[in-house]
**Q** 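Dropping a structure here in structure tokens format, bear with me for questions.
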Amino acid sequence: MKKIGIISGTGLEDPSFLSLDNSQVISNKFGQVSSKIYSGLVNEKEVFIISRHGEKHQLSPSSLNYRANIQAFKDLGCSLILAITACGSLKDEFAPGDFVLPDQFIDWTRFRKNTFYEESEIVHAPMDNPFDHEIRDVISETGKKLGLSMHSEATVITIEGPRFSTKAESLFFKGIGGGIINMTTSTEASLANEAKIPYQAIGMVTDYDCWRVSEEPVSMEIVKQIMEKNSEKVISLLNEVIKNIK
């Protein structure tokens with residue numbers, strides 16, 4: 001049976017949102033995962049969900065134990081990871097409420113543990129295509145059939161956080177080709193690639209960061225409001241995507 005790992009983000013802190021009944025507390029050699037792992041059958045697939053920031057949104061992007069989370073999925077035998085993430089838009093055409101499926105990232109973090117290999121060996125993992133194009137196509141086609149506004153190519157800029165960008169930074173990230181911006185994706189994608197687990201982020205646009213002068217600058221209140229408003233769309237998309245995964 002195919003096993004799928006899901007990382008849920010802001011606005012979906014309760015990992016049981018797919019009506020999964022079983023939960024377990026897991027730790028591994030890298031430490032404790034971010035939340036209980038909820039599991040169960042969804043459309044004849046075994047699904048495991050971790051709440052990235054904890055069930056009370058108590059974990060900041062810089063303090064997350066990314067390695068423990070990805071290692072947990074590997075130990076559970078997951079052959080795919082889907083990661084839900086709130087993101088800011090760096091393009092006019094990516095509007096709040098849209099879904100964006102990144103195909104590249106630029107890592108602008110500074111203080112992360114972004115490799116499993118530190119002491120016993122050095123591994124230079126290929127990262128030319130850090131996201132999985134096959135599942136990206138499935139998500140894109142599924143979303144369009146559901147009537148969602150989907151964008152299947154974008155470069156995600158991952159910043160350290162927990163603060164948001166200055167206007168100068170936002171304009172800079174836009175100028176170097178960024179499509180969306182968040183605080184977690186590049187670290188997860190790097191580790192998933194090292195673990196040899198196909199990974200695809202599903203970005204929900206919540207704001208225009210702070211580069212667009214006609215819009216209110218991003219705040220945590222705006223992010224949560226948009227994510228909670230669109231949570232049912234995310235759940236519907238995941239259910240259909242899981243059904244369509246071969």
**Q** On a heavy-atom basis, which atom in I37 and which in I50 lie closest, and how many Å separate them?
**A** CG1-CG1, 3.6 Å
**Q** Identify, with sequence neighbours excluded, every residue that meets salt bridge (charged side-chain N to carboxylate O under 4.0 Å, His left out) alongside D21.
**A** none
**Q** Could you list the residues that satisfy side chain to side chain contact (heavy atoms under 4.5 Å, CB included) with P61, not counting sequence neighbours?
**A** H53, Y66, R112, P162, M183, T184
**Q** As a quick check of understanding, evaluate side chain to side chain contact (heavy atoms under 4.5 Å, CB included) for V42 and L20, giving each step before the final call.
**A** CA-CA 8 Å; V42 178; L20 305 184; 3.6 Å; yes
**Q** Is there a continuous path of hydrophobic side-chain contacts, each under 4.5 Å between heavy atoms, that joins F73 to Y199?
**A**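 They do share one cluster, since a chain of ILVMFWY contacts under 4.5 Å joins F73 to Y199.
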**Q** Check step by step if side chain to side chain donor-acceptor pair (under 3.5 Å) holds for S190 and N114.
**A** CA-CA 7 Å; S190 296; N114 64 357; 5.3 Å; no
**Q** How is the hydrophobic cluster of L41 composed, in terms of its other members, when Ile, Leu, Val, Met, Phe, Trp and Tyr link through side-chain heavy atoms under 4.5 Å apart, directly or indirectly?
**A** M1
**Q** Is it the case that one hydrophobic cluster holds both V156 and I226, taking links as side-chain heavy atoms less than 4.5 Å apart, direct or via other members?
**A**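 As far as the 4.5 Å side-chain criterion goes, I226 and V156 are not connected within one cluster.
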**Q** Which residues satisfy the side chain to side chain contact (heavy atoms under 4.5 Å, CB included) test with T166, sequence neighbours excluded?
**A** R163, A168, E169
**Q** Please tell me if the side chains of E46 and K2 come closer than 4.5 Å, counting only heavy atoms from C-beta onward.
**A** no
**Q** Between E215 and Y208, is there a donor-acceptor pair closer than 3.5 Å when you use the side chain of the first and the backbone of the second?
**A** no
**Q** Looking only at heavy atoms, what is the nearest atom pair of I222 and T206, with distance?
**A** CG2-O, 3.6 Å
**Q** Apply salt bridge (Lys or Arg N to Asp or Glu O under 4.0 Å) to K167 and D209, showing your working.
**A** CA-CA 8 Å; K167 187 173 290 184; D209 204 36; over 6 Å; no
**Q** Are L64 and F105 co-members of a hydrophobic cluster defined by side-chain heavy atoms under 4.5 Å apart?
**A** yes
**Q** Answer yes when R52 and E188 have at least one side-chain N-carboxylate O distance shorter than 4.0 Å, and no when they do not.
**A**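 Counted as a salt bridge, because a side-chain N and a carboxylate O are separated by less than 4.0 Å.
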**Q** Would you list the pairs meeting ring-ring contact (aromatic ring centres under 6.0 Å, His included) in which at least one residue belongs to residues 133-168, sequence neighbours left out?
**A**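 For residues 133-168, and leaving out neighbouring residues, the ring-ring contact (aromatic ring centres under 6.0 Å, His included) pairs sorted by first residue read F94-H151.
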**Q** Should M204 and I84 count as side-chain neighbours, where that means a heavy-atom distance under 4.5 Å?
**A** no
**Q** Could you list the residues that satisfy ring pair (Phe, Tyr, Trp, His ring centres under 6.0 Å) with Y117, not counting sequence neighbours?
**A** none
**Q** If I compare all heavy atoms of S51 with all of S8, which pair ends up nearest, and what's the gap?
**A** CA-OG, 3.5 Å
**Q** Do you know which two heavy atoms are closest between V205 and S89, and how far apart they sit?
**A**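 V205 and S89 have their closest heavy atoms at CG1-CB, 3.7 Å.
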**Q** Output yes when a side-chain donor or acceptor of K243 lies under 3.5 Å from a complementary backbone atom of N43, and no otherwise.
**A** no
